[in-house]
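Below is one structure, written out as structure tokens, with a few remarks after it.
The structure displayed is predicted, hence computed values, not measured ones. Throughout, a chain's letter reflects where its sequence line sits, starting with A, and its residues are numbered from 1.
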Amino acid sequence: DAGVIQSPRHEVTEMGQEVTLRCKPISGHDYLFWYRQTMMRGLELLIYFNNNVPIDDSGMPEDRFSAKMPNASFSTLKIQPSEPRDSAVYFCASGTSGSYEQYFGPGTRLTVT
Amino acid sequence: DAKTTQPPSMDCAEGRAANLPCNHSTISGNEYVYWYRQIHSQGPQYIIHGLKNNETNEMASLIITEDRKSSTLILPHATLRDTAVYYCIVRLHTGANSKLTFGKGITLSVRP
């Protein structure tokens with residue numbers, strides 16, 4: 001299995017631009033999580049899905065952030081418009097209710113200038 | 001989920017055991033202790049978890065005190081590749097079906 005796949009691995013954009021981060025979970029996993037990591041706040045959950053349905057989006061910072069999961073093999077995290085304070089590493093993770101671990105992708109390093 | 005306290009850093013010599021402590025004095029009876037680690041520039045990786053009994057797998061051992069207020073992750077023969085940030089997490093669920101709440105973790109440096 002290829003593991004959790006995230007794209008792009010690095011993204012540099014200018015303030016005000018729209019940014020879309022993508023995630024492909026491990027096949028068969030029914031939970032998908034989006035985390036963000038910054039030096040100031042550490043690793044924090046943004047949102048998670050179960051069977052493509054958002055379960056907890058309380059960590060989404062504001063309306064500029066949105067996440068979708070149109071099918072079991074794909075999810076997006078969109079920031080519109082982006083701001084410099086959105087600069088962070090964004091991780092996607094997947095798992096199943098029958099497993100005890102979450103499998104993390106390699107992350108997308110976002111820099112907003 | 002209960003809060004955890006870890007020292008900010010520690011080091012150990014390659015080939016020696018690394019004992020990483022974690023305090024979780026407010027843990028409730030049905031909360032599990034999980035350990036994840038994050039090697040530089042990678043996503044976190046699951047290591048081990050337990051409820052009250054000591055646990056061992058191919059990566060590490062987890063020792064939980066009888067009162068469950070603290071635990072120790074043991075890497076029996078640390079290698080340079082074990083240099084990472086190690087997170088101790090206490091959570092209600094045993095499955096992957098809820099969020100992980102990461103603290104600051106402990107940075108382990110393995111020296112040659």
Side-chain angles (χ1 to χ4, degrees), chain A residues 2-7 9-10 21 23-26 28-60 67 88-110, chain B residues 1 3-9 22 30-62 64 71 73 81 84-107:
Chain A
V4 176
I5 299 172
Q6 292 187 246
S7 65
R9 292 294 310 277
H10 301 272
L21 310 182
C23 175
K24 176 178 170 56
I26 293 173
H29 284 190
D30 54 353
Y31 283 86
L32 184 138
F33 304 81
W34 282 101
Y35 292 86
R36 178 173 69 174
Q37 185 170 34
T38 62
M39 289 294 292
M40 291 294 294
R41 300 176 64 91
L43 262 165
E44 53 184 350
L45 178 75
L46 299 177
I47 185 172
Y48 79 91
F49 296 81
N50 177 224
N51 291 323
N52 313 335
V53 176
I55 302 300
D56 182 356
D57 65 354
S58 59
M60 295 287 266
V89 181
Y90 291 81
F91 290 102
C92 176
S94 70
T96 72
S97 53
S99 167
Y100 40 77
E101 65 178 291
Q102 292 179 16
Y103 296 80
F104 283 77
T108 294
R109 181 173 295 277
L110 173 65
Chain B
D1 294 340
K3 185 175 179 177
T4 63
T5 304
Q6 300 177 257
S9 64
C22 180
N30 55 353
E31 288 183 310
Y32 293 79
V33 180
Y34 275 73
W35 284 82
Y36 276 72
R37 75 178 181 183
Q38 186 175 23
I39 295 170
H40 182 61
S41 296
Q42 297 183 21
Q45 174 192 25
Y46 166 86
I47 301 174
I48 198 167
H49 76 285
L51 181 62
K52 56 178 71 173
N53 298 322
N54 298 337
E55 301 288 344
T56 295
N57 63 20
E58 65 278 4
M59 289 183 68
S61 295
L62 174 60
I64 303 174
S71 61
L73 179 74
R81 289 182 298 177
V85 179
Y86 288 76
Y87 298 97
C88 172
I89 300 167
V90 171
R91 60 200 289 254
L92 274 173
H93 302 277
T94 185
N97 53 352
S98 67
K99 69 178 183 181
L100 294 167
T101 301
F102 292 86
K104 295 183 178 180
I106 178 173
T107 299

*Quick one: sort the His29(A) and Tyr103(A) rings into parallel, tilted or perpendicular, breaks at 30° and 60°.*
tilted
*Spatial distance of atom CD1 (Ile55(A)) from atom CZ (Phe33(A)) [nearest 0.5 Å]*: 10.0 Å
_Heavy-atom pair count under 4.5 Å with chain A, highest-scoring of Gly105(B), Gly43(B), Gly103(B)_ = Gly43(B)
*Between CD of Glu31(B) and CD1 of Ile89(B), what distance do you get to the nearest 0.5 Å?*
12.5 Å
*Can you pull out the residues in residues 34-48 of chain A with any heavy atom less than 4.5 Å from chain B?*
Tyr35(A), Gln37(A), Leu43(A), Leu45(A), Tyr48(A)
*asked:* Closer than 3.5 angstrom, by distance alone: can the side chain of Gln6(A) be matched with the main-chain N or O of Gly107(A) as a donor-acceptor pair?
replied: yes
*Answer with yes or no whether the side chains of Tyr86(B) and Arg37(B) bring together a donor and an acceptor at under 3.5 Å.*
yes
*Quick one: are the ring centres of Tyr46(B) and Tyr100(A) less than 6.0 Å apart?*
yes
*Give, as side chain, backbone, both or neither, the part of Tyr31(A) having an atom under 4.5 angstrom from any heavy atom of chain B.*
side chain
*Check whether any side-chain N or O of Thr4(B) sits under 3.5 Å from a backbone N or O of Cys88(B) as a donor-acceptor pair, and report yes or no.*
yes
